[in-house]
*Asks:* 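Below is the structure I would like to discuss, written out as structure tokens.
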Amino acid sequence: MKNIVILISGRGSNMEAIVRACAAEGWPARIAAVISNKPGAAGLDFAAAHGIATAVVDHKAFASREDFDAELQRVIDGFAPDLLVLAGFMRILTPAFTAHYADRMLNIHPSLLPAFTGLHTHQRALEMGCKFVGATVHFVTAELDHGAIVAQAVAPVLDGDDADALAARVLKLEHRMYPSAVRWFVQGQLAVEDGRVRQLAGEAQSFS
Ligand code: NHR
Ligand code: GAR
């Protein structure tokens with residue numbers, strides 16, 4: 001039984017999708033904890049209501065990123081994670097932290113990486129006149145939004161779309177894609193070779 005720890009900063013709808021899929025599909029895993037850097041994050045209420053351990057490590061309480069990351073790592077490791085999942089987690093993590101969880105930390109980013117790393121991705125895609133937007137599940141490394149790509153989802157940009165409309169359209173795809181990617185990891189169905197990720201059971205790594 002593998003232990004999954006999920007980091008959130010807010011609503012936590014991707015965390016919720018993973019929690020529900022883990023239970024409904026009988027993964028060989030359990031959600032050991034949901035941890036937020038923001039006190040009062042709505043996702044914490046969902047996790048607690050589903051009997052999942054929760055914790056808050058408030059980044060504002062620390063003098064440096066290094067100090068925050070060290071405490072966050074200490075709290076996370078108390079749950080013996082096999083996999084660390086970033087789900088709307090909004091703090092850039094230090095190289096020491098990402099090295100500690102190398103090859104066992106995933107993130108979902110709301111763009112088709114390597115396009116639009118960083119923040120405000122849908123607004124930037126609109127401003128560039130993009131005809132598709134999407135999301136990427138990737139392994140997390142010290143280099144921001146640059147880890148090996150596990151899966152991607154794509155959605156069209158329609159007339160009249162604003163960033164919120166795009167985010168809502170992509171979020172529906174995220175809620176299908178991220179649980180699949182986490183399941184593949186805990187089932188040992190991912191192979192990483194030369195920075196490219198293969199799904200070993202023939203499941204599609206693209207969603208639309
Ligand atoms: N850390 C590392 N080292 N590598 C990655 O790939 C990471 C990461 C931490 C978070 C999520 C990422 C996203 O999917 C993520 C990937 C926050 C920022 C950011 O600029 C950028 C990318 C992501 C998350 N955060 C600001 C900061 O100063 C704060 C922004 C805010 O609070 O709203 O940390 O988008
Ligand atoms: C999701 O769309 C995710 O792709 C994005 O924020 C949303 C989180 O929603 N993640 C980031 O922007 C990470 N920097 P959720 O909290 O409901 O899962």
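For ligands, and for the atoms within them, numbers begin at 1 and follow the listed sequence.
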*Asks:* Considering heavy atoms of the protein only, find what lies nearest to atom 13 (C) of ligand 1 and give residue, atom and distance to 0.1 Å.
*Replies:*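 Among all protein heavy atoms, the one nearest atom 13 (C) of ligand 1 is His109 ND1, 3.3 Å.
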*Asks:* When you compare ligand 2 with Asn107, is there at least one nitrogen or oxygen pair between them that comes in under 3.5 angstrom?
*Replies:*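 No - when backbone and side-chain N and O of Asn107 are compared with those of ligand 2, no distance drops under 3.5 Å.
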*Asks:* Against ligand 2, does Gly10 come closer than 4.0 Å with any heavy atom?
*Replies:*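 Under 4.0 Å: no for Gly10.
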*Asks:* Heavy-atom contact under 4.0 Å between Thr94 and ligand 1?
*Replies:*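 No; Thr94 lies far enough from ligand 1 that no heavy-atom distance drops under 4.0 Å.
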*Asks:* Any N/O of Gly12 closer than 3.5 Å to an N/O of ligand 2?
*Replies:*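 Checking ligand 2 against Gly12, an N or O pair does fall under 3.5 Å apart.
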*Asks:* Does any N/O atom on Thr141 come nearer than 3.5 Å to any N/O atom on ligand 1?
*Replies:*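 Indeed, backbone or side chain, Thr141 has an N or O that close.
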*Asks:* Under a 4.0 angstrom heavy-atom cut-off, which atoms of ligand 1 come close to His138?
*Replies:*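 Result: 6 (O).
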*Asks:* With nothing but distance in play, are any N or O atoms of Leu86 less than 3.5 Å from an N or O of ligand 1?
*Replies:*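 In fact, backbone or side chain, Leu86 has no N or O that close.
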*Asks:* Run the numbers for me: atoms of ligand 2, each under 4.0 Å from some heavy atom of Glu174, listed by number.
*Replies:*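 This gives 1 (C), 2 (O), 3 (C), 4 (O) as the contact atoms.
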*Asks:* Select one of side chain, backbone, both or neither to describe which atoms of Val170 lie under 4.0 Å from any atom of ligand 2, heavy atoms only.
*Replies:*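 No part of Val170 comes within reach of ligand 2.
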*Asks:* Assess Ile8 for proximity to ligand 2: is some non-hydrogen atom of it under 4.0 Å away?
*Replies:*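 It does not; every heavy atom stays at 4.0 Å or beyond.
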*Asks:* Tell me: protein heavy atom nearest atom 25 (N) of ligand 1, and distance?
*Replies:*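 Its nearest protein heavy-atom neighbour is Met90 O, 3.1 Å.
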*Asks:* Taking only heavy atoms of Arg65 into account, list the atoms of ligand 1 that are under 4.0 Å away from them.
*Replies:*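 Numbered from 1, ligand 1 contributes 27 (C), 28 (O), 34 (O).
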*Asks:* Check ligand 2 against Gly88 and write out every atom of the ligand that is under 4.0 Å from a heavy-atom position of the residue.
*Replies:*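 Answer for ligand 2: 8 (C), 10 (N).
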*Asks:* Is the shortest distance from a heavy atom of Ala142 to ligand 1 less than 4.0 Å?
*Replies:*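 Judged by the 4.0 Å heavy-atom criterion, Ala142 does count as contacting ligand 1.
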